[in-house]
2 protein chains.
Amino acid sequence: MRFETSTIKDIAKALGLSTSTVSRALRDRYEISEETKKLVLAYAEKVNYRANPIARSLKERRSYSIGIIVSEIANNFFSQVINGIESIAYDRGYHVIISQTHESHKQEKLNVEHLASRSIDGLLIALSSETQDITYLRDLYAKGLPIVFFDRVPEDFATHKVIANNFKGAFDATEHLILSGKRTIAHLTNSENLSITRERLKGYQAALAKYHIEFKPELVKYCQHGGMHSAELEQAVKELLPHKPDGIFISSDRLTTGCIMALKKTNPEIAHKIAIAGFTNSNLVELFSPSLTSVKQPAFEMGQVATELLISMIEAKREITEFETKILDTELVRMQKTLGNRFL
Amino acid sequence: MRFETSTIKDIAKALGLSTSTVSRALRDRYEISEETKKLVLAYAEKVNYRANPIARSLKERRSYSIGIIVSEIANNFFSQVINGIESIAYDRGYHVIISQTHESHKQEKLNVEHLASRSIDGLLIALSSETQDITYLRDLYAKGLPIVFFDRVPEDFATHKVIANNFKGAFDATEHLILSGKRTIAHLTNSENLSITRERLKGYQAALAKYHIEFKPELVKYCQHGGMHSAELEQAVKELLPHKPDGIFISSDRLTTGCIMALKKTNPEIAHKIAIAGFTNSNLVELFSPSLTSVKQPAFEMGQVATELLISMIEAKREITEFETKILDTELVRMQKTLGNRFL
DNA sequence: GACGTTTTTGGGAACGTTTGCACACTTTTT
DNA sequence: AAAAAGTGTGCAAACGTTCCCAAAAACGTC
């Protein structure tokens with residue numbers, strides 16, 4: 001039970017033209033007379049003709065689709081990035097295929113290769129927290145698949161990248177904690193594999209240094225799975241608390257919410273006594289208790305910029321040799337002291 | 001700059017066979033001798049042959065892709081449904097294309113027609129809150145496009161549907177409010193167009209009736225745009241408060257969080273005095289202040305069931321005449337009184 | 001050894017497009 | 001008047017598959 005639509009052949013037959021003429025008329029080529037064009041267009045409209053994108057893809061050897069790899073769509077940051085991607089992609093005639101890694105390297109590789117075999121024209125990817133080996137991406141890239149990285153980017157990969165100003169975001173958040181009187185500031189962060197982890201750590205350290213606070217490695221906890229498992233978070237919190245932090249700077253969306261959750265679950269009595277500042281794009285932060293100061297990334301814009309770069313690569317006629325790394329500014333949203341946040 | 005891969009033709013030439021033989025060998029047809037099969041398979045493996053899905057789609061007139069239409073992926077309920085969908089789809093060899101309506105009917109129609117022209121094999125859809133006219137879906141369905149509705153379903157459309165037990169979910173939530181002593185229970189809900197709105201209203205009314213509480217229409221507020229605009233929500237809250245509700249039952253994910261937000265923003269002094277019970281699949285409810293009782297839908301499972309039904313339609317050899325409406329149970333998660341929720 | 005049967009293989013059309021090339025016709029140029 | 005240039009159209013190949021139909025090869029059977 002497949003549904004049939006009219007094809008170029010049908011139109012040609014009905015109008016007594018050749019398929020080439022019809023094809024050209026539909027694509028508004030200069031060779032075709034205005035008269036014929038009108039005729040074809042009118043008839044196509046009448047029978048509600050839709051070009052078969054599959055046939056077109058086969059012929060043109062491109063699919064007008066771009067692949068997206070993120071760890072999770074149920075993540076405020078990534079879903080906002082995706083919205084940004086779509087806003088550009090659809091305008092430019094591309095559709096998007098989204099895949100989730102759930103922070104697993106294996107899944108990431110599987111998904112990318114699946115997408116590649118589905119003949120996507122290009123790939124937008126934020127690496128999973130497990131990922132260390134990206135030779136499979138290099139191979140695809142070498143074979144000609146355009147790739148743009150965003151958010152979690154590899155170091156030595158000559159292509160376009162779009163990231164937030166992670167250093168500054170981390171610096172601002174840490175400084176904010178310091179300025180509100182905190183002195184023992186812990187740092188809960190993602191896997192060390194990730195670029196964002198390294199950059200944000202540096203920002204954290206720089207803020208400490210500026211205020212002459214000693215950096216203590218034992219106050220930094222890494223979560224290899226990016227907080228995908230609550231046990232991982234609870235363990236990290238448990239290891240952190242003996243050092244009696246009065247503030248925590250947290251380095252990613254999922255970790256931030258996960259950490260507050262863990263704190264509330266395992267140590268409700270002190271959950272409100274520790275000031276928290278963290279990266280998150282949740283639009284519900286205002287509801288959270290304990291409340292927190294958040295670093296918001298320009299997620300939507302990041303998606304847009306990445307997509308524009310990718311499409312420029314896809315549609316480039318000549319080899320590209322100059323690559324950009326766009327850095328977008330984050331925004332610090334300070335905690336509001338409302339009824340629910342009296343540090344009771 | 002397109003990247004070339006080896007094709008069936010290349011293999012045939014290299015091995016001195018015909019393309020048909022190679023094709024059959026790869027698909028493990030009975031006609032081909034074991035010997036030849038081994039030869040072909042080995043060589044295919046060696047050159048890392050990947051069948052071109054576009055060519056295959058063109059020939060077989062199907063794309064092995066299914067379309068998904070939701071209002072927003074940045075919505076806990078929908079992103080969980082999508083995870084459920086993917087878990088089944090990928091296993092069965094389909095990939096998914098996700099589109100968002102942002103609760104706009106126009107966008108919905110546009111997206112569906114775009115997907116249809118992209119030759120998806122089937123469609124999974126939750127209607128937008130604006131949608132009233134679904135003749136465009138009937139047309140596509142009549143032309144042979146398999147469609148399965150989930151969550152927000154039309155009434156008279158003979159196809160498979162998957163929904164939550166909305167009546168019971170609403171009943172339970174309302175009863176919970178009543179049992180905790182509330183008597184003036186408002187109901188904030190979605191557009192009247194939606195099936196979920198009607199079903200949940202009935203559950204709300206039934207709970208009131210059971211406890212002999214009069215149903216007052218002025219305590220029910222509809223949000224035409226499903227809470228996509230904060231102004232809409234603030235207006236609804238503003239109209240509700242003069243009736244001095246001591247409890248509110250809220251009928252959807254976005255509205256629930258939006259309403260608490262609006263309440264906190266416009267009337268922080270009473271935000272903690274009103275008990276709230278609402279549909280939401282947020283996994284962050286435990287962090288919310290004021291806290292709330294939530295009705296959780298089996299979102300992941302809903303996605304799985306819907307996908308199984310859809311694939312069964314796609315792969316059916318004969319016309320289907322019997323359609324099911326699967327109803328999945330919701331779960332009531334009672335508010336916990338923790339430090340942050342002392343109704344201060 | 002001639003003839004069926006079965007097994008294995010190949011030829012080629014088809015799916016719906018796009019596009020290089022050739023052709024026919026008109027118009028302009030010399 | 002012939003040649004050149006311009007205009008509009010059609011033919012046919014190609015993209016990478018699948019699959020119908022025939023052909024060839026291998027094997028029995030009488």
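Small disclaimer: the values here were computed from a predicted structure and weren't measured. We name chains A, B, ... by the order of the sequence lines, and we start the count at 1 in each one.
For residues 36-57 of chain B, proximity to DNA chain C is found at B:Thr36, defined as any non-hydrogen atom under 4.0 angstrom from a strand atom.
What separates CD1 of B:Ile32 from P of C:dG10 is a distance of 8 Å, to the nearest Å. Note: NZ (A:Lys13) to C1' (C:dG16) measures 13 Å, nearest angstrom. Put simply, CG on A:Leu15 is 10 Å from P on D:dG10, counting in whole angstrom units. Between the C1' atom of C:dT19 and the CD1 atom of A:Ile8 lies a distance of 12 Å, rounded to the nearest Å. As a whole-Å value, the separation of A:Tyr64 OH from C:dG16 P is 19 Å. Nucleotide C:dG16 holds its P atom 18 Å from the CZ atom of B:Arg118, rounded to whole Å. We find that CD of A:Glu31 is positioned 18 Å from P of C:dC23, with the value rounded to whole Å. One can place CZ of A:Arg62 at 16 Å from P of D:dG16, the figure rounded to the nearest angstrom.
Salt bridge A:Arg118/A:Glu113: absent, no basic N to carboxylate O contact under 4.0 Å. Taking 4.0 Å as the cut-off between side-chain N and carboxylate O, B:Glu315 and B:Arg92 count as a salt-bridged pair. Under the 4.0 Å criterion applied to side-chain N and carboxylate O atoms, A:Glu324 and A:Lys326 are assigned as salt-bridge partners.
Of the residues A:Glu72, A:Glu130, A:Gln107, A:His225, the one that meets the side chain to side chain donor-acceptor pair (under 3.5 Å) test with A:His102 is A:Glu72.
Phosphate contact (OP1/OP2 of C:dT19, side-chain N/O of A:Arg29, threshold under 4.0 Å): present. For B:Arg61 and C:dA14, the shortest distance from a side-chain N or O to OP1 or OP2 is not below 4.0 Å. Side-chain N/O atoms of A:Lys9 include one lying less than 4.0 angstrom from OP1 or OP2 on C:dC15. Taking 4.0 angstrom as the limit, B:Ser20 places none of its side-chain polar atoms (N or O) nearer than this to OP1 or OP2 of C:dT9.
Comparing atom distances between the B:Thr7 side chain and each of D:dA12, D:dT17, D:dT18 picks out D:dT17 as nearest. Listed nucleotides: D:dA12, D:dC19, C:dT18. Nearest to the side chain of B:Arg27: D:dC19. Distance from the side chain of B:Leu58 is smallest for D:dG16 among the nucleotides D:dG16, D:dC19, D:dA14. Listed candidates were C:dG16, D:dT18, D:dC11. Nearest to the side chain of A:Ser18 is D:dC11.
Heavy atoms of A:Ser33 sit under 4.0 angstrom from primed sugar atoms or phosphate atoms, though from no base atom. Base contact: B:Arg24 has a heavy atom under 4.0 Å from a base atom.
A cation-pi geometry, defined here as NZ or CZ lying under 6.0 Å from the six-membered ring centre and within 45° of its normal, does not hold between B:Arg152 and B:Phe150.
If you find the closest nucleotide of DNA chain C to B:Lys59 and to B:Val22, the one lying nearer the 5' end belongs to B:Val22.
Inspection of the A:Tyr136 and A:Glu108 side chains reveals an N or O donor paired with an N or O acceptor under 3.5 Å. Under the 3.5 Å distance criterion, with hydrogens and angles disregarded, a donor-acceptor pair is assigned to the side chains of A:Arg50 and A:Asn48.
Surrounding NZ of A:Lys109 are at most 12 heavy atoms belonging to other residues, nucleotides or ligands under 6.0 Å away.
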